[in-house]
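Data block below; observations after.
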Amino acid sequence: MSADCLFCRIVAGEIPATVVLSTDTVVAFYDIAPQAPTHVVLVPREHEPHAVALAAAAPDVLADLFTAAGDVAKAEGVADSGYRLLFNTGENAGQTVFHAHLHLLGGGPLGALAGARPEPLR
Ligand code: 5GP
Ligand code: ZN
């Protein structure tokens, strides 16, 4: 638990969120600013700054995030229609909360993977 980390505080119940799934290792809740009709954020209870750090520190928990994502997709009714799972990692990816988290986006066509981006090198 990091006292100044937003997602640690949501996991601890200090900041309210609409939780859709909670396990021994993972908490999932609706994103406060959804970017798709279904937008759930899945976070490990353990604080790591990003997904790669989580993979190094606790690979089983990283796997738990994906298992939980499958359960959330079913519960939210998007398992068959399809959804996107992504980790923003670092500033250029748009990561704003430095507690590893997996975005689950679905509920309609999601468009291009990367959106606006710099000119390609070639
Ligand atoms: P990132 O940009 O770091 O990949 O994702 C952080 C996500 O957390 C964003 O999509 C943002 O909307 C969401 N978020 C930020 N603050 C809160 C909050 O207080 N509650 C909830 N439920 N989501 C939040
Ligand atoms: Zn944290």
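Residue numbers run from 1 in the order of the sequence given.
Scanning for ring pair (Phe, Tyr, Trp, His ring centres under 6.0 Å) contacts around H50 gives an empty result, with sequence neighbours left out.
Here the shortest heavy-atom pairing between H39 and P34 reads ND1-CA, 3.5 Å. Looking at every heavy atom in both residues, A51 comes nearest to A100 through N-CB, 3.8 Å. Minimum heavy-atom separation, I10 to A17: CG2-CB, 3.7 Å.
With contacts defined as side-chain heavy-atom distances shorter than 4.5 Å, the pair H99/S2 does not qualify. Side-chain atoms of F66 and V26, non-hydrogen and from C-beta on, never get closer than 4.5 Å to each other. Inter-residue side-chain proximity for L86 and L105 is flagged as met; some heavy-atom pair is nearer than 4.5 Å. With a 4.5 Å cut-off on side-chain heavy atoms, D64 and P44 do not count as touching. At a threshold of 4.5 Å between non-hydrogen side-chain atoms, the residues R84 and L104 do not count as touching. Counting only heavy atoms from C-beta outward, the side chains of L42 and V72 approach each other to under 4.5 Å. No side-chain heavy atom of L21 sits under 4.5 Å from any side-chain heavy atom of F29.
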Item checked: Candidate pair T89 and F98, rule side-chain contact (heavy atoms from CB on, under 4.5 Å), full reasoning -> CA-CA 9 Å; T89 304; F98 289 84; over 6 Å; no

Notebook entry, point to check: Would L6 and I15 count as a side-chain contact (heavy atoms from CB on, under 4.5 Å) if you check the C-alpha gap in whole Å, the side-chain angles of each, and the deciding distance to 0.1 Å?
Noted result: CA-CA 8 Å; L6 174 65; I15 292 175; 3.5 Å; yes

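Between H103 and H101, the gap from one ring centroid to the other is short of 6.0 Å.
The cluster map of Ile, Leu, Val, Met, Phe, Trp and Tyr, joined by side-chain heavy atoms under 4.5 Å apart, puts L54 and F87 in the same cluster. Hydrophobic cluster membership is shared by V27 and F7, with clusters built from Ile, Leu, Val, Met, Phe, Trp and Tyr side chains linked at under 4.5 angstrom. Follow the hydrophobic side-chain contacts under 4.5 Å out from L65 and you never reach V19; the two are in separate clusters.
Summarising the geometry, atom CG belonging to L110 is positioned 10.5 Å from atom CD belonging to Q35; distances are rounded to the nearest 0.5 Å. Considering NE2 of H47 and SG of C8, their distance stands at 5.5 Å, rounded to 0.5 Å. For the atom pair OG1 (T96) and CG (N88), the distance works out to 8.0 Å, reported to the nearest 0.5 Å.
Remark: the backbone N or O of T23 is paired with a side-chain donor or acceptor of R45 at under 3.5 angstrom. Of the possible polar contacts, one joining the Q95 side chain to the V97 backbone as a donor-acceptor pair under 3.5 Å is found.
Applying the side-chain contact (heavy atoms from CB on, under 4.5 Å) test between Y83 and each of V40, V78, T38 identifies V78 as the sole match.
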